[in-house]
Amino acid sequence: MTINRSKVVIVGAGLVGSSTAFSLITQGVCDEVMIIDINKDKARGEVMDLNHCIEYLNRNVRVTEGDYKDCGDADIVAITAGAPPRPGQSRLDTLELSAKIAESIVKPIMESGFRGHFIVVSNPVDIIAHYVYRLSGLPKNQVIGTGTAMDSARLKYFIGEIFHIDPRSVQGYTMGEHGDSQMCPWSHVTVGGKRIKDILEDNPQYASINLDEIVTRVAKVGFEILQVKGTTCYGIATTAAGIIKAILNDENKIIPVSTLLEGEFGESDVFCGVPAILNRSGVQDVVEVHLSEEEKLKFKQSVHVIREYTNRLYDK
Ligand code: NAD
């Protein structure tokens with residue numbers, strides 16, 4: 001009898017990578033977490049610190065320091081290595097450097113015999129996910145960007161805050177670019193099954209609520225956090241761990257992630273945030289919700305932004 005051990009590799013032991021590792025081990029998502037960083041001291045320090053959590057966790061997760069050659073037996077590699085935007089920079093401004101970093105990572109990982117799933121976290125995530133897909137040659141379902149998964153968590157949190165409701169009782173997501181142009185298909189947002197537009201209509205005390213402002217806040221809040229604490233890490237780390245959990249546990253959970261569109265929503269050859277069913281195969285399917293004419297236009301505009309930068313990367 002063979003008992004398979006689940007192994008997740010995290011490339012990039014910075015704030016996002018180490019927080020992702022922490023989230024994985026505290027939730028006991030897998031058997032082993034291996035950390036790789038160009039800065040070997042940083043990787044070693046994080047591994048040592050994380051190993052000292054084990055006594056108080058609910059399972060003995062193995063945390064190791066590794067190298068690209070050790071990725072052959074990994075189920076998932078999460079790429080969190082990158083250059084976070086400096087004040088005044090957008091996520092898109094970090095494209096060139098992040099692409100170079102991705103190239104230096106994906107090639108040796110594929111040479112190790114890795115045939116699992118890539119979860120791309122590094123920004124600009126939609127474009128880097130496309131690049132990792134091309135570089136790796138893996139099937140499209142096995143390369144997943146975190147996309148608008150965290151933005152959607154923020155959306156639910158803000159809506160929950162307005163109505164004093166647990167964010168987990170809110171259904172909804174943003175789609176398109178993980179960036180300023182993302183949009184929300186409001187016609188599909190519900191709280192306890194009631195459409196948000198009906199809630200606003202039925203309750204005069206909410207008449208002043210501007211839905212567009214909520215989406216803008218979702219898109220901008222990362223920078224607000226960046227300004228006051230210099231980084232964002234817990235939200236994205238928990239999001240990445242949630243995606244990894246959905247894959248390893250074969251959950252069929254619907255999460256808006258960045259995946260390759262091939263005709264869905266009328267778009268092709270572009271990675272962008274759309275609701276997707278996640279299980280052992282990675283992205284099993286895209287949930288093609290019906291969009292209103294206005295929503296279709298906003299989605300198209302967001303895809304246009306991603307496509308422009310993706311082309312810019314390949315035109316170089
Ligand atoms: P950080 O600077 O704290 O850490 C980055 C790490 O990557 C460093 O430890 C660095 O040594 C390592 N690294 C750099 N080049 C490498 C290479 N070639 N090989 C291996 N490791 C390398 O940055 P952070 O705050 O952890 O952010 C990491 C990335 O995550 C950035 O691209 C950031 O924009 C992105 N991010 C994405 C989201 C999202 O929603 N997708 C949210 C937050 C941050």
Side-chain angles (χ1 to χ4, degrees), residues 9-23 34-47 49 65-71 77-87 89-109 118-132 135 144-155 173-174 176-180 182 218-227 229-244 255-259 271-273 306:
V9 174
I10 297 178
V11 184
L15 284 155
V16 173
S18 56
S19 305
T20 304
F22 185 65
S23 184
M34 194 175 89
I35 299 179
I36 302 175
D37 197 291
I38 198 167
N39 180 343
K40 290 198 179 300
D41 286 342
K42 178 86 169 93
R44 192 171 317 121
E46 293 298 347
V47 167
D49 201 3
E65 190 194 345
D67 214 328
Y68 296 125
K69 65 176 172 21
D70 307 317
C71 292
V77 171
I79 301 182
T80 72
R86 292 189 301 273
Q89 273 193 320
S90 80
R91 295 175 181 99
L92 291 168
D93 293 331
T94 63
L95 173 60
E96 206 171 318
L97 184 52
S98 287
K100 277 201 184 114
I101 293 174
E103 210 172 320
S104 72
I105 292 167
V106 173
K107 285 186 178 167
I109 289 183
F118 273 113
I119 308 298
V120 180
V121 183
S122 307
N123 276 319
V125 69
D126 303 292
I127 300 144
I128 298 300
H130 195 291
Y131 199 39
V132 170
L135 290 170
I144 301 168
T146 49
T148 52
M150 183 188 50
D151 306 283
S152 301
R154 287 171 171 162
L155 178 85
Y173 32 79
T174 65
E177 181 207 5
H178 167 58
D180 291 347
Q182 66 189 274
V218 166
K220 301 274 185 212
V221 72
F223 291 96
E224 211 179 292
I225 302 170
L226 213 67
Q227 269 178 352
K229 70 166 261 191
T231 180
T232 65
C233 53
Y234 303 128
I236 182 58
T238 315
T239 301
I243 292 170
I244 292 168
I255 301 181
V257 292
S258 193
T259 185
F271 266 73
C272 81
I306 302 172

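Nothing here was measured: the structure is a model prediction, and the numbers come from that model. Heavy atoms only: backbone and side chains are in, while hydrogens, waters and symmetry mates are out. Along the sequence shown, residues carry numbers from 1. Just follow the structure's listing: the first ligand is 1, and inside any ligand the first atom is 1.
The protein heavy-atom contact nearest to atom 2 (O) of ligand 1 is Pro84 CD, 3.6 Å. In terms of protein heavy atoms, atom 17 (C) of ligand 1 is closest to Ile101 CG2, 3.7 Å. Looking from atom 20 (C) of ligand 1 to the surrounding protein, the closest heavy atom is Ile38 N, 3.3 Å. In terms of protein heavy-atom proximity, atom 9 (O) of ligand 1 is nearest to Asp37 OD2, 2.7 Å. Looking from atom 5 (C) of ligand 1 to the surrounding protein, the closest heavy atom is Gly82 O, 3.6 Å. For atom 40 (O) of ligand 1, the closest non-hydrogen atom of the protein is His178 NE2, 3.0 Å. The single protein non-hydrogen atom nearest to atom 3 (O) of ligand 1 is Leu15 N, 3.1 Å, given as residue, atom name and distance. Protein heavy atom at the shortest distance from atom 7 (O) of ligand 1 is Ala81 CA, 3.4 Å.
The salt bridge (charged side-chain N to carboxylate O under 4.0 Å, His left out) search around Asp180 returns Lys220, not counting sequence neighbours. Applying the ring pair (Phe, Tyr, Trp, His ring centres under 6.0 Å) rule to Tyr173 yields no partners; only residues at least two apart in sequence or on another chain are considered.
For the residue pair Asp151 and His178, a side-chain donor N or O sits within less than 3.5 Å of a side-chain acceptor on the partner. For the residue pair Gln182 and Thr148, no side-chain donor N or O sits within less than 3.5 Å of a side-chain acceptor on the partner. Between Thr94 and Asn123, the side chains place no donor N or O within less than 3.5 Å of an acceptor N or O (distance only, hydrogens not considered).
At under 3.5 Å, not a single nitrogen or oxygen of Lys42, backbone or side chain, sits near a nitrogen or oxygen of ligand 1. Below 3.5 Å of separation, one finds no N or O of Thr232 facing any N or O of ligand 1.
Atoms of ligand 1 lying under 4.0 Å from at least one heavy atom of Thr146, given by number and element, are 41 (N). Against a heavy-atom cut-off of under 4.0 Å, Met150 is close to the following atoms of ligand 1: 40 (O).
Comparing Leu97, Val121, Val16 against atom 27 (O) of ligand 1, the shortest heavy-atom distance belongs to Val16.
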Next on the checklist: Between Val9 and Asp70, is the side-chain contact (heavy atoms from CB on, under 4.5 Å) condition met? List the steps.
Outcome noted: CA-CA 9 Å; Val9 174; Asp70 307 317; over 6 Å; no
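With a 4.0 Å heavy-atom cut-off, ligand 1 is reached by the side chain of Ile236 but not by its N, CA, C or O. Contacts of Asn123 with ligand 1, taken as heavy-atom pairs under 4.0 Å, involve both backbone and side chain. Contacts of Thr80 with ligand 1, taken as heavy-atom pairs under 4.0 Å, involve the backbone alone. With a heavy-atom cut-off of 4.0 Å, Tyr68 touches ligand 1 through its side chain alone. With a heavy-atom cut-off of 4.0 Å, Ser104 touches ligand 1 through its side chain alone.
Not a single donor-acceptor pair under 3.5 Å links the side chain of Thr80 to the backbone N or O of Val121. The closest donor-acceptor contact from the side chain of Ser98 to the backbone of Gly82 lies at 3.5 Å or more, if one exists at all. Without hydrogens or angle criteria, Asp49 side chain to Glu46 main chain gives no donor-acceptor distance under 3.5 Å.
In this structure, the side chains of Val120 and Tyr131 stay at 4.5 Å or more apart for every pair of heavy atoms.
The distance from atom NE2 of His130 to atom OG of Ser258, rounded to the nearest 0.5 Å, is 9.5 Å.
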